[in-house]
Undergrad: 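I have a structure here, written as structure tokens, and I will follow up with some questions on it.
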Amino acid sequence: MDRLTITVLAVVLGLPPAVFAILAATLSARPVILWTDALLYLLLLVTTCFVLYARHRDDLRDTWRAVLARPLGMAALVVLGFYMAVGLLDSVHFRLPVGEAKNGEVHYAGESLSLLDLAATPLREGVEKTYSAPLAITLFVKETLERPDGSQVRDYPRLRYGGAHLDDPREHHADVALRVVLGAAQGALLAFFVLVLAGAGYSRRHRLPWALATARLLRGETALPWWSALATLTVILVLAGAVVQLAAGYHVLGTDKVGNDVLYQSLKSIRTGLIIGTLTTLVMLPFALVLGVMAGYFRGWVDDVIQYLYTTLSSIPGVLLIAAAVLMLQVYMANHPELFETEAERADLRLFFLCVILGITSWTGLCRMLRGEVLKLREMDYVTAARALGRRPASILTHHLVPNVLHIVLISVVLDFSGLVLAEAVLSYVGVGVDPSMHSWGNMINSARLEMAREPMVWWSLAAAFVFMFVLVLAANLFADAVRDAFDPRHARTRTA
Amino acid sequence: MMAYLARRLLYAVPILLGVNLITFTLFFVVNSPDDMARMHLGAKRVTPEAIEQWKAERGYDKPLIYNAKAPGLEKFTETIFFQNSVRLFVFDFGRSDAGRDIGYDISQRMWPSLAIAVPVFLVGLLTNITFALLMAFFRATPLDVWGVVLCVVLMSISPLFYIIAGQYLAGKLLHLVPISGYDTGLAAWKFLVLPVIIGIVSGIGSGARWYRTLFLEEMGKDYVRTARAKGLAEAVVMFRHVLKNAMIPILTGAVVVIPLLFMGSLIMESFFGIPGLGSYTIDAINGQDFAIVRAMVFLGSVLYILGLILTDFSYTLVDPRVRLE
């Protein structure tokens with residue numbers, strides 16, 4: 001059999017056992033739920049509940065359809081979904097058993113892993129000696145090598161893992177090309193499969209023949225631009241297919257100073273970015289919503305106190321307040337090492353507190369906006385009517401005011417997300433971001449920055465971090481635009497102007 | 001007018017007191033001075049005498065808020081709160097934990113910060129308004145659509161990328177300017193060009209898009225339709241009517257940051273090795289010099305409040321309908 005057939009067979013046959021091995025490994029493991037995991041699950045639950053609730057409300061459903069009616073919004077949502085999936089895979093933690101003691105007691109590894117770690121085991125464990133360029137088969141620096149005949153020579157040594165399956169270095173380019181084509185083809189096949197399924201779903205729903213339904217999907221003749229979602233998904237799948245095929249034999253994005261795979265680091269950083277962007281919002285939202293609505297509705301001394309609170313907080317420059325708080329957190333953690341069982345727990349708690357601190361510095365803007373809106377709404381006829389009918393303030397707040405300011409909350413949540421992801425990188429650079437041991441784009445940039453002066457330049461860590469961050473932030477910004485246009489009546493007007 | 005100013009200044013006092021209370025809680029209550037001394041002196045095997053000495057040198061050996069042992073009024077003045085926080089109100093910043101005079105350092109480092117921040121602010125404002133006007137003028141044409149897309153792309157790029165790419169391109173590849181450093185007097189210009197350009201470029205995305213929205217909002221109003229109905233050329237409508245009226249919201253956003261220009265830019269200054277207040281703060285954060293961080297927090301809040309007051313005054317200048325009472 002030729003090489004192609006063997007590789008195809010290996011991939012087709014190899015995939016199910018790999019998935020099975022991961023599942024089997026998880027079954028015997030002990031689950032670990034970190035603080036940020038728990039909050040992320042909670043966030044997921046809240047989102048699901050909101051989606052279920054919105055399905056039954058005609059107005060909400062129509063507005064969300066308007067968000068998805070824009071091709072860019074749809075594409076952005078698919079990209080965000082991809083990031084979210086990686087982040088969630090990385091948020092299921094457990095400790096694997098490491099052999100059994102005599103009395104049947106199972107011992108567990110001290111290090112907790114996630115599903116993503118398991119899926120990317122070759123990447124995680126394939127540690128080289130030091131820098132190597134993307135897809136390289138040799139190190140980036142020369143070393144003194146011993147020839148079989150005993151003489152010594154300065155040359156680039158072969159990598160331990162990257163391209164180790166190649167006997168002859170001359171096969172390198174052909175092998176890379178083959179893997180790219182094969183992986184892309186697999187991705188395209190998967191995308192085709194999705195298209196068939198989507199066509200089937202659409203034909204059932206609208207009682208059309210399958211061929212016609214698929215043609216309409218592809219030609220963009222549907223009410224929602226599903227073609228945009230399918231196209232984005234195809235691009236993602238083709239890229240992912242090629243990367244998966246390459247990653248099995250090479251370091252797709254090279255390795256860093258201590259030889260860790262850069263692709264693995266970039267994937268792990270997704271969770272950190274998502275957590276900073278979402279949990280911060282989750283932390284600050286209750287304060288902003290409750291205080292903002294109360295200040296607007298009750299006026300008087302309540303208003304004064306709340307206004308004083310947010311003016312004071314917002315008058316401190318954000319970075320400085322964060323820096324001061326994180327510095328104090330560091331001192332506290334350094335003096336109370338007994339509070340944390342493992343290094344990962346400590347890093348996780350620091351991430352959580354970073355979200356809290358970011359939340360404290362960022363709720364003031366939303367609070368001010370909500371107060372202003374409620375000040376307007378409380379003079380509306382329906383609120384006066386509710387008051388005249390003798391409804392209690394608490395019930396007016398929850399039934400009449402909060403639902404009518406939710407669009408402001410939603411817009412500010414999606415708008416804040418991209419800013420927070422970008423802020424993480426800057427804060428980590430300043431030294432007040434996430435724990436240095438945690439994977440994050442900021443830490444990647446920070447450690448790669450010192451290598452700028454190297455000749456030739458080590459660019460791949462920086463490039464990987466920036467590209468991963470850029471795609472996420474761009475998708476978030478595009479999605480935020482779509483949400484704002486759909487939910488903000490004032491903004492919609494300026495678009496048509 | 002004067003009465004308004006007096007009231008605003010009085011209103012600033014409780015806010016600054018609140019800011020002080022927050023920093024005081026953060027720096028002295030969450031962690032006791034003993035904790036900080038241990039952190040600074042390093043290892044766990046540090047002797048109690050060394051801690052006492054470290055605290056005494058920096059005046060952290062006093063009680064936190066109330067000194068029962070001291071006579072009379074000194075019950076309140078001989079405390080950490082009074083010595084370290086209340087004294088900030090008269091801009092007496094005291095000495096840093098490393099023993100340097102913070103007030104002197106600030107007065108020295110203010111100028112390099114301003115040398116970057118002021119050009120970035122002024123030229124940046126001009127650039128953003130120009131781009132926004134262009135997009136609004138050609139609204140709903142491909143130029144406008146692609147302009148907005150470009151803005152979104154530009155604002156999705158990490159600010160760190162602009163700096164690193166700029167340093168690589170201009171400093172390393174083209175050898176146009178030195179990568180980092182600073183010089184006294186006018187000789188500093190070649191160190192300043194690159195940071196200023198990067199500062200402007202990194203702000204275009206969000207700035208131009210925001211101003212475009214303001215212009216479009218203004219163009220939907222009745223007076224613009226009237227002006228067009230009179231037969232005025234579109235360019236005249238844009239410059240004489242729309243630009244003037246849109247300046248009100250633009251000014252609100254711009255004036256508030258003017259005082260904060262003193263604080264410099266944290267990452268820019270540290271990347272380019274410019275001895276301004278931004279890199280001063282970063283060095284203090286990395287060196288865990290709490291006295292400097294405290295002083296900068298206070299200074300930042302004062303400047304922010306100043307910015308708010310200035311904004312109100314600028315309203316009266318550009319909008320004759322607004323009167324301060």
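Below, all heavy atoms of this structure are taken into account, side chains as well, without hydrogens, waters or symmetry copies.
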Undergrad: Please classify the contact of A/V319 with chain B as side chain, backbone, both or neither, using a heavy-atom distance under 4.5 Å.
TA: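 The side chain, not the backbone.
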Undergrad: For B/F215, which atoms come within 4.5 Å of any heavy atom of chain A: side chain, backbone, both, or neither?
TA: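 Neither part; nothing is under 4.5 Å.
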Undergrad: If we define contacts as heavy-atom pairs under 4.5 Å, which of A/L422, A/V471, A/V421 has the most with chain B?
TA: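 Option with the greatest count: A/L422.
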Undergrad: Closest approach of B/I15 and A/T312, non-hydrogen atoms and distance?
TA: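 Smallest heavy-atom distance, with atoms named: O-CG2, 3.6 Å.
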Undergrad: Side chain from CB out, backbone as N, CA, C, O: work out which of these in B/M263 comes under 4.5 Å of a heavy atom of chain A, or both, or neither.
TA: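 Side chain of B/M263 only, per the 4.5 Å heavy-atom cut-off to chain A.
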Undergrad: In terms of heavy-atom proximity below 4.5 Å to chain B, should A/Y429 be classed as side chain, backbone, both, or neither?
TA: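 Side chain only.
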Undergrad: Can you tell which part of B/L266 gets under 4.5 Å to a heavy atom of chain A, answering side chain, backbone, both or neither?
TA: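 Side chain only.
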Undergrad: Examine whether an atom of A/L472 lies under 4.5 Å from a heavy atom of chain B, and if so say whether it belongs to the side chain, the backbone or both; otherwise answer neither.
TA: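 A/L472 has no heavy atom closer than 4.5 Å to chain B.
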Undergrad: Checking A/L327 against chain B: side chain, backbone, both or neither under 4.5 Å from a heavy atom?
TA: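 For A/L327, the side chain is the part near chain B, not the backbone.
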Undergrad: Let me know if B/I22 has heavy atoms under 4.5 Å from chain A in its side chain, its backbone, both or neither.
TA: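 When you check distances to chain A, only side chain atoms of B/I22 fall under 4.5 Å.
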Undergrad: Side chain from CB out, backbone as N, CA, C, O: work out which of these in A/I445 comes under 4.5 Å of a heavy atom of chain B, or both, or neither.
TA: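 For A/I445, the contact with chain B is made by the side chain alone.
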Undergrad: Of the backbone (N, CA, C, O) and the side chain (C-beta and beyond), which part of A/V432 lies under 4.5 Å from a heavy atom of chain B, both, or neither?
TA: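 Contact with chain B: side chain only.
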Undergrad: So which part of B/I157 gets closer than 4.5 Å to some heavy atom of chain A, the side chain, the backbone, both or neither?
TA: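 Its backbone and side chain both get close to chain A.
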Undergrad: Which atoms of A/F470 come close to chain B, meaning under 4.5 Å heavy atom to heavy atom: side chain ones, backbone ones, both, or neither?
TA: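 Contact with chain B is through both the backbone and side chain of A/F470.
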Undergrad: Can you tell me which portion of B/S206 sits under 4.5 Å from chain A's heavy atoms? Options are side chain, backbone, both or neither.
TA: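 For B/S206, neither part sits under 4.5 Å from chain A.
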Undergrad: Name the region of B/S158, side chain, backbone, both or neither, that has any atom closer than 4.5 Å to a heavy atom of chain A.
TA: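 For B/S158, backbone and side chain are both near chain A.
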